[in-house]
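Taking it in order: structure first as structure tokens, then the write-up.
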Protein chains: 2
Amino acid sequence: MVTIDDVAELAGLSKSTVSRVINHYPHVSQEKKQKVFEAMEKLGYVPNSSARSLRNKKTKMIAVIVPRLMNPFFGQLVESMEVAANQSGYQLLICQTMYSQETELGHLELLKTKQVDGIIMASLENDWSTISEYLTYGPLIMCNEFDESADIPIIKLDQIHGGYMATKHLLRQGHRKIAYCSGGYKSMVANHRKLGFDKALAEHGIPFQDAYGFYNAYTIENGMEVFKQIHAMKDPPTAVFTGSDEVAAGIIAGAREYGVTIPNELSVIGFDNQVISKITEPKISTVEQPIEQMAQKAVHVLVDKINDQKPLIRERYELPLELIIRESTVGGPLRAVE
Amino acid sequence: MVTIDDVAELAGLSKSTVSRVINHYPHVSQEKKQKVFEAMEKLGYVPNSSARSLRNKKTKMIAVIVPRLMNPFFGQLVESMEVAANQSGYQLLICQTMYSQETELGHLELLKTKQVDGIIMASLENDWSTISEYLTYGPLIMCNEFDESADIPIIKLDQIHGGYMATKHLLRQGHRKIAYCSGGYKSMVANHRKLGFDKALAEHGIPFQDAYGFYNAYTIENGMEVFKQIHAMKDPPTAVFTGSDEVAAGIIAGAREYGVTIPNELSVIGFDNQVISKITEPKISTVEQPIEQMAQKAVHVLVDKINDQKPLIRERYELPLELIIRESTVGGPLRAVE
DNA sequence: CTGTTAGCGCATTCAT
DNA sequence: ATGAATGCGCTAACAG
């Protein structure tokens, strides 16, 4: 391995000077600078990043914690983060919790062991009280998922409004019996959507029936299961709000199996505007989330926090959602109102 | 920051002894070992990984290079790799090429700068001749994508057989005019599938018509575009082989728009067995790829190569594919033969 | 079985 | 503007 000493020797200079050149110090004569460059070139020298990290106490790495990558939402999120991180001179470490608290805590240890300069949490399996312990070791911010009480930067989407818009749309189509279907009891993202959902219902003076609530739906398979349950009801809902396009697609697939037409007999709205929402029959009305923007913002905020050492303070960045109306909610049997 | 010296001091021992218990050395008395544990516990000590890396010349990190994560195939691949890497005591760095040669080379530099102990390439934008330069800096293996001439370990799938099986299935349904549709001119994965495709056709004495070849289809949108082109032909194919379920879904979506029924008027077969293949109307016949197995194998092989320092040699691991017949290829107008 | 010593490769005082 | 010296935190000889 070629080290800074080798370069110094070949250039006939001291390692200090070489180091200065590498780190773009101002006061180095053009002449010596040239010599150093030549020597580096000749030897194919590249600084050893472990040594640098040890010296600088900075690894130029950040980690992102997500539930799992197979979920297309997180695939997109991480894709955008990787690009943003690279542009900012950072490498991105990927950490999946697989919905396990222990695994999540294990990943947080990266901050203790100084393997990363900061962490973006897009997952939240543990309570904030236990996560906050790690704040001593480095900056930690939340992205998408969040905890209201955490006094750190949080980049999130306006999920309340998202739930509200989607539900309001269903109500405008004349629906009064609307089911609610989401994933994750603990998830504040899901909770906020429910808040928006409730708000819309309240505005129309409609009480929510507990039998219409489904809280463990994440996948297409789950969606199909939900449909079966709905189908078996004596007084089924005429519309269903879902927390993801996959679940909506599952409901549609389930309906197809049972010969129930959508939106004629049941309206369904998704969430995410994933590609899947454009290819089901019918196409899924959904709520578009600015994933890329959110990812970029998260990376930039974290990098800022890494640079100015100051302790983290409470910060909130909220991005808007957008309702996208397609086929799965319009043209149903009910008369549109308003 | 609490260091090994602090622990040594509190325990009334030397740092060597502390280091020995940390690294599970055999010959340390139970008594002292206990003292060290107590001191570590009390101080909340955690070894600094930069220092360890510098000393050991091992970072316990590996990188995986993929085109992009949004592609669900790579999402799954990376998901499984992360789990396998963690189980083997490694962190996984994610690197996307975004189909750029320069970006890919940039990621390879991680090996030079000693930021990772090894790299799994699931992307291949550059020629092997330029990539092989990096072999001096650490182990490098290929996974899924490959270059025949590379004398390194390669974990791949039997794409030739995959293309063959799928095409054979189409032929058995009585099709004689079969289009071929894939992504990536450079990709050997695509090339091998084409080889299998050609082989099947040859067995039936059917020459391939160049007009039936599409080589730039990756996404749903691309699939829709392909359908339009097929639809506009004076002598269109009766079946189409596609390199991904997304493209197949796009063709189905396109057909729906034009009122062409599938498989009645056109049969379509996908590749990957993604969830999308189960929810389109009709469901997509496809080829299942053992992604998780491949990911695990790749991680294990790389970890092995990292451990025994020996220079890499040519190794091939090939996993089988499986044909999954659903609705998009059966029940068409042609009489099944054989 | 345990302590002392010497670096790993680099950036940064402190001199000059 | 440049060089010499020091130490980041850790592991590994080498003694004993």
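Here is how names work: the chains are called A, B, and so on, in the same order as the sequence lines, proteins then strands, and each is numbered from 1.
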Worksheet entry | Check: Ser100(A)/Glu125(A) side-chain N/O donor and acceptor closer than 3.5 Å | no

Item to complete: Indicate whether OP1 or OP2 belonging to dA11(C) is found under 4.0 Å from a side-chain N or O atom of Ser19(A).
Response: yes

Worksheet item: Counting just side-chain N and O atoms, does Lys32(B) come under 4.0 Å of either OP1 or OP2 of dT2(C)?
Response: yes

Worksheet item: Considering only dC10(D), dA13(D), dC14(C), which nucleotide approaches the side chain of Thr3(B) most closely?
Response: dC10(D)

Fill in: Donor-acceptor side-chain pairing of Glu148(B) and His192(B) below 3.5 angstrom
yes

Response to the item:
Out of dG3(D), dT4(C), dG9(D), minimum distance to the side chain of Ser16(B) belongs to dT4(C)

Worksheet item: Quick one: which of dT2(D), dG9(C), dA12(D) gets closest to the side chain of Leu54(A)?
Response: dG9(C)

Fill in: Heavy-atom side-chain contact between Lys33(B) and Thr17(B) under 4.5 Å
no

Worksheet entry | Residue-phosphate contact under 4.0 Å: Arg55(A) side-chain N/O, dT12(C) OP1/OP2 | no

Discussion item. Donor-acceptor check, side chain of Glu145(B) to backbone of Val189(B), threshold 3.5 angstrom: yes or no?
Written reply: yes

Practice prompt. Please check the phosphate of dT2(D) (OP1 and OP2 only) for any side-chain N or O of Ser29(A) closer than 4.0 Å.
Written response: yes

Worksheet item: Does the side chain of Asn23(B) get closer than 4.0 angstrom to OP1 or OP2 of dT11(D) through an N or O atom?
Response: yes

Worksheet item: To the side chain of Pro47(B), which of dA11(C), dG3(D), dC10(D) is closest?
Response: dC10(D)

Practice prompt. Establish, with yes or no, whether the OP1 or OP2 oxygen of dG9(C) is under 4.0 angstrom from a side-chain nitrogen or oxygen of Lys57(B).
Written response: yes

Worksheet item: Can you check whether Ser14(B) has a side-chain N or O nearer than 4.0 Å to OP1 or OP2 of dT2(C)?
Response: no

Discussion item. So, does Tyr25(B) get its side chain near the phosphate of dA12(D), meaning an N or O under 4.0 Å from OP1 or OP2?
Written reply: yes

